[in-house]
Amino acid sequence: MKYDFSAIERKWHARWAEEHTFITGTDQKKPKYYVLDMFPYPSGSGLHVGHLEGYTATDIVSRYKRCRGYNVLHPMGWDAFGLPAEQFAIKTGTHPRLTTEINVANFRETLKSMGFSYDWDREINTTDPDYYQWTQWIFLKLFERELAYMSEIDVNWCEELKVVLANEEVDEKLNDGYTVIRRPLRQWVLKITAYAERLLEDLEGLDWPENVKQMQRNWIGRSEGVEIDFELPCHRTNLRVYTTRPDTLFGATYLVISPEHPMAEKLAIARQLVEVKNYIARAKLKTELERTGLQKEKTGVFTGSYAINPANGEALPVWISDFVLTSYGTGAIMSVPAHDSRDWEFAKKFDLPIREVIKSPHDVEEAVFEGKESCCVNSSNDEISIDGLDFRTAFIRMASWLESKGKGRRKVNYKLRDWVFSRQRYWGEPIPVRHYDDGSMSPEPCLPLTLPEVEAYHPTSTGESPLANIEEWLYGADEHGRFRRETNTMPQWAGSCWYYLRFIDPQNRQSLIDPSKEHYWMNVDLYIGGAEHAVLHLLYSRFWHKVLYDLGVVSTKEPFQRLFNQGMILGEDNEKMSKSRGNVIPADHVLSTYGADAVRLYEMFLGPLEQVKPWNTNGIEGISRFLGKVWRLVWDENATEPKTTAGLPDEAILRRMHKAIRKVTEDIEQLKFNTAISEMMVLVNELHKAGCTSLVAIETLLVMLSPFAPHITEELWQKLGHTESISGVPWPSFNPDLANDDILTIAVQVNGKLRGTFMVPAGSSKELLLDEAKRVESVLKFLEGQKIIKEIVVPGKLVNFAVRP
RNA sequence: GCCAAAGUGGCGGAACUGGUAGACGCGCUGGACUCAAAAUCCAGUGGGUGCAAACUCGUGUGGGUUCGAGUCCCACCUUUGGUACCA
């Protein structure tokens, strides 16, 4: 019988669908395992082999866990709101819903041909009103708790596209030749900063890659410092700065405020006013990117005013510079050029004094010294001295002194900023809020508030979304009076913030999720996706989850217990796959040529899951050969009956088999699929070499292989006389006595160089090993005429003689 | 610039807590089967010297620790990812 993968795969896809083989178990007495993929945006270009990597990995884990007796939740859905469908609509007039439907159908088909064991009954789509009703519901909860508010904020405004861009999009658009300016716009903002501390703290208990945790910590950017008031004698007010280095206060030689600081113009003395106004105007024109990233040389302007250093009474000049960020701290800093590289650079450029207050190994006029390890110097006044103190002590002493004088207070700051949540687009969840003539707002009483049909998908010239053009949808009246609906929609992040919850209870009409189901299934036990979501998606999701936790909707503090980032698959040219490079390997193509089992195995065999690695279509041949060999373990070329025989294989094969069970089991648990496959290849090679037809050996192999290559194993399993699906068969266990070698090869080294080997039974004594080692012929000549000065014996491994003439 | 990860045959990669470097696969070479091919099977395949046995070098570079280093330490080089003055 020949191995015809396409017939076999078609047959089993139909069978699995018919019999609902992968329907999620609901018996709550069984242990559960929730395996989640980062669900895709269904793009028009379809799936390529890179997309399938993570999905294959989760599918293997799902199938494995089912064999181990777990109820497995393994769902799939679509993050289908988003810009590409909208831009396509602008160009062609095709409704984004239609585009989305077509793309989803295409994606679903590809995923099904891979044989992924998703529970398709739980499929969700973020653009489905039944789904986004609850996205809106969560928004209203945020609104009620004042975690969603409106604010006039500077946004990245793209003139040509008439849209606001996210910071991470700015670069991309600039590269595409668009112009981006900063412009204030009334926006919805989510108060993620209220959760900064919890988002930081709760990272500790998560089983995530350390680098992702670190990135989140950096993004949140907690810092402990002091706010210090510098008196402005001519203005009868104070200038408040934030610093994490109060220990260097005596070294402050000037202050700098940002161009947007409310005092910026007021501080300018008559002689400086023109220059200051010019500087502020120029700063406005720059985008955030120009002000920060690309800027090499520091710029600034002196206001002409002075502020009093509370520590020593010195009058310090106040400067304006755009390297000081408005949105962080107080928008004003004290400059200590001796011990901060930015301040040092600025001081050198504008010839401002530099004063050493931390004992430095070199002249601070020549180079900055930022170390915190040495002690304070030149830092005392009549009331306080911190000379000789280390950073911590000086920090505390200075902070308390300032507090006692009413000149400062300790303060924790975060880099994290509130999340701009509105988009001026059509294809997103409408924000369900009504605005009244008097400026008040109220939530939409009825959810979902669905997207109306529109004539044109272009944003309005004012920057409002296309929804602003639909008068009959826009206006209405209720008991509060006349209202205008909110025309902003939510960003694409919204739907993906909580989708993992809806999979648990996708059809629920009464509530977002049923508490007992939530209790059973949460947390997500394994979440696999690309590293590009390390910060934003995962942080936003965690934020919403914590809000839901506070609302009592979920019972866990964190959504994703174990996170794993798969590495990207590059094109055959070792470059990132992209249309423009023409190196994209479409999934459908390799699927039809080699079949799902081969593609699945090859995706995993390519290398470690977390690693970036190039695709090589030639390599898949080896996998095809392997599958052919597996097939021929059961069938001879023209046979009509399997050639398997009852009974155990001989001992050597049995040992090999138990070794393989152990290795494959351990490797799957650690997501080391490449070495698991390699181990099964070794086993198959051995079975062939030994001409083994033992049913026990072959069936064990099939079960181990079934999570990786479900179709061929189902088929062979059935042909061996089983009526039930292989996907429900218990996972084999190994016997440690058989998995360990009984005869070991011991290496013999002389001065660390391998000079021979010998074989001994496992568990042989050190003495025996030493004796044997000295009798190995190839070793003797290296010992001859030498004095053995040391004998090292590692039981079960090697013997090493250190010798000298 | 800073932070993180990684550098192993022609290629993808393997190597448990320091203990026989190169598993497994691709590719390549030779052979068997065949009229021929495909498929399959067998043997070989890091470099160098050698008919061979064998010896020797070898895990980015240079040092170090150790009986022994791909693995640990120091310095440097390269690549990839992240980040952009957060006071």
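Owing to the predicted nature of the structure, the values given are computational and were not obtained by experimental measurement. By convention in this document, chain letters (A, B, ...) are assigned in the order of the sequence lines, proteins followed by strands, and residues within each chain are numbered from 1.
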task: Assert yes or no for the condition that the ring centre distance of A:Phe346 to A:Tyr254 is strictly below 6.0 Å.
output: yes

Let me know the distance between [atom1] of [X] and [atom2] of [N], rounded to the nearest Å.
| X | N | atom1 | atom2 | result |
| --- | --- | --- | --- | --- |
| A:Tyr414 | B:A87 | OH | P | 13 Å |
| A:Glu610 | B:A6 | CD | P | 9 Å |
| A:Gln749 | B:C67 | CD | P | 13 Å |
| A:Lys766 | B:G19 | NZ | P | 16 Å |
| A:Lys372 | B:A87 | NZ | P | 9 Å |
| A:Arg656 | B:C24 | CZ | P | 10 Å |

Does the structure show a Watson-Crick or G-U wobble partner for [N], both distances under 3.5 Å? Name it, or say none.
| N | value |
| --- | --- |
| B:C11 | B:G25 |
| B:A75 | B:U61 |
| B:U17 | none |
| B:G81 | B:C3 |
| B:A32 | B:U40 |

Using the [atom1] atoms only, state how far [M] lies from [N], rounded to an integer number of Å.
| N | M | atom1 | result |
| --- | --- | --- | --- |
| B:C16 | B:A21 | P | 14 Å |
| B:G46 | B:U29 | P | 16 Å |
| B:C55 | B:C77 | P | 40 Å |
| B:G18 | B:C73 | P | 11 Å |
| B:G13 | B:C85 | P | 35 Å |
| B:C74 | B:U66 | C1' | 16 Å |
| B:U71 | B:A15 | C1' | 9 Å |
| B:U61 | B:G9 | P | 10 Å |

Check whether any side-chain N or O of [X] sits under 4.0 Å from OP1 or OP2 of [N], and answer yes or no.
| X | N | result |
| --- | --- | --- |
| A:Lys797 | B:G19 | no |
| A:Asn618 | B:C11 | no |
| A:Gln611 | B:G13 | yes |
| A:Arg755 | B:U56 | yes |
| A:Arg625 | B:G27 | yes |
| A:Ser223 | B:A87 | yes |
| A:Lys753 | B:C57 | yes |
| A:Tyr602 | B:G25 | no |
| A:Asn565 | B:G81 | no |

So that I can tick it off, tell me whether [Y] and [X] are bridged by a salt bridge, with the cut-off set at under 4.0 angstrom between side-chain N and carboxylate O.
| X | Y | answer |
| --- | --- | --- |
| A:Glu686 | A:Lys659 | no |
| A:Asp343 | A:Lys298 | no |
| A:Arg222 | A:Glu197 | yes |
| A:Glu679 | A:Arg656 | yes |

Of the listed nucleotides ([options]), which one gets closest to any side-chain atom of [X]?
| X | options | result |
| --- | --- | --- |
| A:Phe323 | B:C24, B:U20, B:C85 | B:C85 |
| A:Leu606 | B:U20, B:G25, B:G12 | B:G12 |
| A:Thr745 | B:G25, B:U20, B:A15 | B:U20 |

message: Counting distance alone, no hydrogens or angles: does the base of B:G25 have a donor or acceptor under 3.5 Å from a partner atom on the side chain of A:Glu621?
response: no

- request: Would you mind classifying the nucleic acid contact of A:Asn685 as base, sugar-phosphate or nothing, using non-hydrogen atoms under 4.0 angstrom?
  value: sugar-phosphate

message: Would B:G9 be called syn or anti here, given the cut-off of 90° from 0?
response: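 B:G9: syn.
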
- prompt: Can you check whether A:Glu227's main-chain N or O pairs, donor with acceptor, with A:Arg240's side chain at less than 3.5 Å?
  reply: no

- request: Applying side chain to side chain donor-acceptor pair (under 3.5 Å), run through A:Tyr594 and A:Thr617 and close with a yes or a no.
  value: CA-CA 10 Å; A:Tyr594 298 98; A:Thr617 300; over 6 Å; no

